[in-house]
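Report on the structure given below.
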Amino acid sequence: MTLLERTRIVQNTPEPDSLAAARSIMDALVAVLTEHAERYYQDDAPLISDAEYDVLVRRLQALENAHPEFLRPDSPTHRVGSAPLDSFEKVQHAEAMLSLGNAFDADELRAWHDRCRRRLEWDAEAEGPAVSTELKIDGLAVALTYENGVLVRAATRGDGRVGENITANIRTIRSVPLRLDSSRHPVPDRVEVRGEVYFPKSAFEALNDRLRAQELKPFANPRNAAAGSLRQLDSTITAGRDLAFFAYSLGPVSEPVAAGQRAMLDVLDGWGFSINPEVARFEGIEEAVTFCSNWTGKRDALDYEIDGVVVKIDDFRLQRQLGNVSNAPRWAVAFKFPARESTTRLLGILVNVGRTGMITPEAELEPVQIGGVTVSQATLHNADYIRDRDIRIGDTVVVKRAGDVIPAVVASVPEARTGSEVAWEMPGTCPACQQPLERIEGEVDSFCVNGACPAQFIRLVEHFASRDAMDIEGFGTKLAAQLVEAGRIADLPDIYGLTPDDLLELDGFARKKAEKLVAGIDASRSRPLARLLFGLGIRHVGRTTAEVLVQQFDSMAALGKADADALTAVDGIGEVIARSLVDWFALETNRKIVARLADLGVNVARLPEEAPAAGDDLPFAGKTFVVTGTLPTLGRTEAQDYIKQRGGKAASSVSARTDYLVMGENPGSKADKAAELGIPVLDEAGLLELGGRS
DNA sequence: GATCCTCGAGTTCG
DNA sequence: CTCGAGGATC
């Protein structure tokens with residue numbers, strides 16, 4: 001049986017109902033965990049996620065607490081990993097590098113603080129003891145030894161007692177000082193500084209782009225990339241990777257350099273280390289709980305991965321009083337965020353048909369909890385994406401919730417293969433209409449080119465009704481599918497022939513809802529021309545291009561008469577888009593659709609407010625703006641409309657040609673980019689002032 | 001012909 | 001948000 005199969009069995013074993021059962025589960029857990037730890041620490045190729053590993057360890061710990069008589073000397077709860085590789089020189093840590101106990105929610109954090117209070121015989125009425133809070137960087141712990149202020153040795157954590165000598169590699173990291181600065185705080189003759197080596201997200205993306213360009217396998221995540229980079233025997237390779245380092249603690253010292261954790265960080269800062277800026281010290285545990293929950297939602301805003309918050313009793317004197325349990329200090333705890341990355345099995349790959357006929361593969365996953373939600377589907381983008389990552393059906397795959405929400409299959413875990421996995425191939429025919437698919441030489445996507453494909457038509461109807469197009473409230477995916485499948489809608493104009501009675505025949509419609517929807521359809525007749533043009537779903541004509549076209553052509557009729565030359569004359573329209581438009585209007589069916597829409601009272605001419613902005617009294621003329629984050633009163637689209645009304649351009653990404661960045665709360669990467677390029681930043685008030693308040 | 005900027009298209013779960 | 005590709009620009 002493979003390790004993964006045994007793991008699944010252990011995971012699914014119910015709580016023991018006898019001593020014998022408890023013992024056999026404990027033995028199985030020890031065996032499975034030991035093997036996983038080896039894979040993790042030695043081969044750097046985990047089969048299961050850290051979260052899954054943690055769950056198993058906690059289960060073993062609980063059983064050991066309940067049945068201490070079965071506690072085995074070789075239980076992985078005694079150790080944090082296994083012996084380091086042979087290829088690097090082994091290094092004994094002067095004082096073991098401990099791991100931390102975990103807290104998975106606010107109550108566990110409070111329980112930890114309570115235990116500290118009891119052990120310290122803290123006055124029940126008093127607040128405290130004070131705690132420090134630091135972000136838990138998802139990187140690799142290392143210990144740096146300085147003698148007479150000079151870096152002489154750097155070691156990985158290894159199993160906590162023995163690590164690997166990686167001095168040459170650490171020296172390549174710019175945020176690690178090679179000589180300490182003693183001008184502000186005296187430096188002991190010999191000092192060990194501990195911290196985390198990590199891969200900034202931006203540098204990680206750049207590295208993966210480079211690896212892909214060389215047709216090498218990209219790293220699954222920044223932590224793996226950091227591990228892989230530190231493990232290079234050739235330190236010149238490490239030097240080419242933009243690793244960084246945050247210092248967070250001291251090893252054994254002869255004389256104390258500060259009274260507590262928070263103050264000690266300032267000393268480290270004075271010595272020349274980079275200290276994570278998001279540190280705090282609180283008098284009570286409740287503020288620390290708030291700190292943790294705040295960061296749970298904000299962690300994506302950082303340029304490095306964090307997987308939790310480390311909470312420590314701040315005062316070193318109290319820390320000593322609390323002491324350690326086997327391999328973890330009592331005075332510190334790791335508050336763990338819900339995992340955002342996990343491994344699961346890829347059950348199959350389905351394909352979707354988009355509105356344009358584009359075929360996108362979609363992963364069908366064994367449901368897995370990631371970041372508090374259950375993920376069972378994820379996009380796989382296209383056939384090349386699957387091939388480049390060597391993803392096969394049946395594989396164990398790493399699934400991540402990128403950005404804020406959207407799950408993606410990041411990598412496969414080939415080590416977990418049993419041999420029964422099968423490579424996937426793009427089907428030759430459309431899953432909806434069975435017509436052959438086409439893939440243009442040199443392009444990535446496959447298309448169903450059947451103009452009458454029902455799947456495409458459903459997506460087109462949905463798009464037509466969507467918020468950025470005709471904005472028909474209550475008209476979504478489900479209704480589009482129902483109406484098309486019931487044969488009630490065979491082309492777009494049919495939407496305007498719907499009556500409340502038609503809708504009553506469908507599932508989930510009562511009189512009132514049906515009437516409301518028909519009223520919504522009716523209201524959409526007077527939408528601006530650009531929205532209609534966008535809604536028609538002409539390839540390459542998105543929202544922006546539709547708006548640009550409407551500036552030059554004042555009706556559907558004018559557009560239909562335009563030839564390729566007239567179209568390419570418009571700024572932003574090239575041959576491909578022109579061709580797409582000419583081809584669309586060349587089809588008799590499409591011309592009929594426009595004519596019928598007009599007959600049904602749908603607006604097919606430019607509205608006065610869409611007319612090209614005239615005059616040079618426009619405050620934003622010639623200026624390009626980018627909006628990011630949440631503004632206090634304006635919505636994002638409102639802000640963009642405001643800019644356009646005043647002759648400005650509302651672009652979607654920051655570049656050298658951007659004149660202003662309008663920034664609200666929780667800005668994304670755009671803010672960093674703007675800062676890099678030195679682009680002036682406005683807040684909402686600044687924008688309104690510049691534009692004239694009217 | 002290469003490079004940079006923008007736009008289009010598709011995307012998950014509750 | 002991410003990826004790929006169209007368009008403009010040098």
Side-chain angles (χ1 to χ4, degrees), chain A residues 201 205 208-209 212 218 300-301 338 340 350-365 367-386 388-389 399-410 439-447 455-456 458-460 462-463 466 468-469 476-477 530 533-549 567-581 624-626 628-629 636 640 649-659 666-670 673 677 679:
Chain A
K201 286 183 202 165
E205 296 302 338
N208 266 358
D209 286 348
R212 277 190 211 108
D300 286 317
R340 263 190 334 189
L350 306 172
V351 294
N352 278 327
V353 185
R355 139 176 88 83
T356 57
M358 192 194 282
I359 306 294
T360 48
E362 172 193 294
E364 217 191 328
L365 303 166
V368 61
Q369 285 284 121
I370 308 178
V373 304
T374 310
V375 172
S376 56
Q377 278 182 38
T379 177
L380 287 164
H381 301 294
N382 55 58
D384 284 4
Y385 186 94
I386 297 170
D388 292 349
R389 286 164 182 75
V399 181
K400 177 169 124 175
R401 293 220 304 159
D404 228 353
V405 271
I406 297 169
V409 175
V410 185
R439 178 169 170 177
I440 297 164
E441 195 66 34
E443 283 194 9
V444 168
D445 297 307
S446 296
F447 285 88
Q456 282 181 56
I458 291 172
R459 304 301 289 266
L460 174 63
E462 189 186 335
H463 167 74
S466 71
D468 283 346
T477 316
L533 181 56
F534 173 53
L536 292 171
I538 302 168
R539 186 121 108 101
H540 299 128
V541 180
R543 201 169 68 117
T544 310
T545 304
E547 280 167 12
V548 167
L549 284 166
L567 291 164
T568 45
V570 179
D571 200 26
I573 309 296
E575 278 172 38
V576 177
I577 298 177
R579 176 92 262 140
S580 176
L581 280 157
T624 301
F625 294 73
V626 172
T628 187
R636 183 187 293 259
Q640 287 169 345
K649 216 174 137 191
S652 53
S653 63
V654 177
S655 73
R657 282 199 259 168
T658 308
D659 294 291
N666 297 323
S669 56
K670 288 171 193 166
K673 181 120 187 248
L677 295 168
I679 290 163

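Naming: A, B, ... by sequence-line order, numbering from 1 per chain.
Backbone-only contact: A/D571 has heavy atoms under 4.0 Å from sugar-phosphate atoms and none from a base. Contact annotation for A/R579: no contact, since no heavy-atom pair falls under 4.0 Å across all strands.
Taking for each of A/A378 and A/R539 the nucleotide of DNA chain B with the nearest heavy atom, the 5'-most of the two is the partner of A/R539. Each of A/R355 and A/Q377 lies near DNA chain B, and the nucleotide nearest A/R355 is the one positioned closer to the 5' end.
Residues A/D571 and A/V548 have side chains not in contact (no heavy-atom distance under 4.5 Å, counting atoms from C-beta outward). Residues A/I577 and A/I538 fail the side-chain proximity criterion, which asks for heavy atoms closer than 4.5 Å.
The separation between A/N382 atom CG and B/dA9 atom C1' is 12 Å, rounded to whole Å. Here B/dT11 presents its C1' atom at 10 Å from CG of A/N352, a figure rounded to the nearest Å. Taking atom CD1 of residue A/I538 and atom P of nucleotide C/dG6, one finds them 17 Å apart after rounding to whole Å. Atoms CD1 (A/I359) and C1' (B/dG10) sit 12 Å apart, rounded to a whole Å. Atom-to-atom, CG of A/D468 to C1' of B/dA9 comes out at 13 Å; the value is rounded to the nearest Å. The distance from atom NE2 of A/H540 to atom P of B/dA9 is 7 Å, rounded to the nearest whole Å. Across the protein-nucleic acid pair, A/E575 atom CD and B/dC7 atom C1' stand 18 Å apart, rounded to whole Å. To the nearest angstrom, P of C/dG7 lies 4 Å from CD1 of A/I577.
When the nucleotides B/dG10, B/dG14, B/dT12 are ranked by their closest atom to the side chain of A/T360, B/dG10 comes out on top. In this structure, the nucleotide among C/dG6, B/dA9, B/dT12 sitting nearest to the side chain of A/E362 is B/dT12. Of the candidate nucleotides B/dC13, C/dG7, B/dG10, B/dG10 has the atom nearest to the side chain of A/M358. Which of B/dG14, B/dG10, C/dG6 sits closest to the side chain of A/T374 comes down to B/dG14. The nucleotide whose nearest atom lies closest to any side-chain atom of A/V375 is, among B/dT11, B/dA9, B/dC13, B/dC13. In this structure, of B/dT12, C/dG6, B/dC13, it is B/dC13 that holds the atom nearest to the side chain of A/S376.
Applying the 4.0 Å criterion to OP1 and OP2 of B/dG8, one finds that A/T544 has a side-chain N or O inside that range. Between A/T545 and B/dG8 there is a side-chain polar atom (N or O) within less than 4.0 angstrom of OP1 or OP2. Within the structure, a side-chain polar atom (N or O) of A/R459 is placed less than 4.0 Å from OP1 or OP2 of B/dT11.
Atoms CZ and CE, from A/R459 and A/M358 in turn, are 11.0 Å apart once rounded to the nearest 0.5 Å. Between atom CG of residue A/L380 and atom CD of residue A/E364 there is a gap of 11.0 Å, rounded to the nearest 0.5 Å.
Of the residues listed (A/I359, A/T360, A/T379), the one engaging A/N352 in a side chain to side chain contact (heavy atoms under 4.5 Å, CB included) is A/T360, and it is the only one.
Within 6.0 Å of CD in A/E575 there are 12 or fewer heavy atoms belonging to other residues, nucleotides or ligands.
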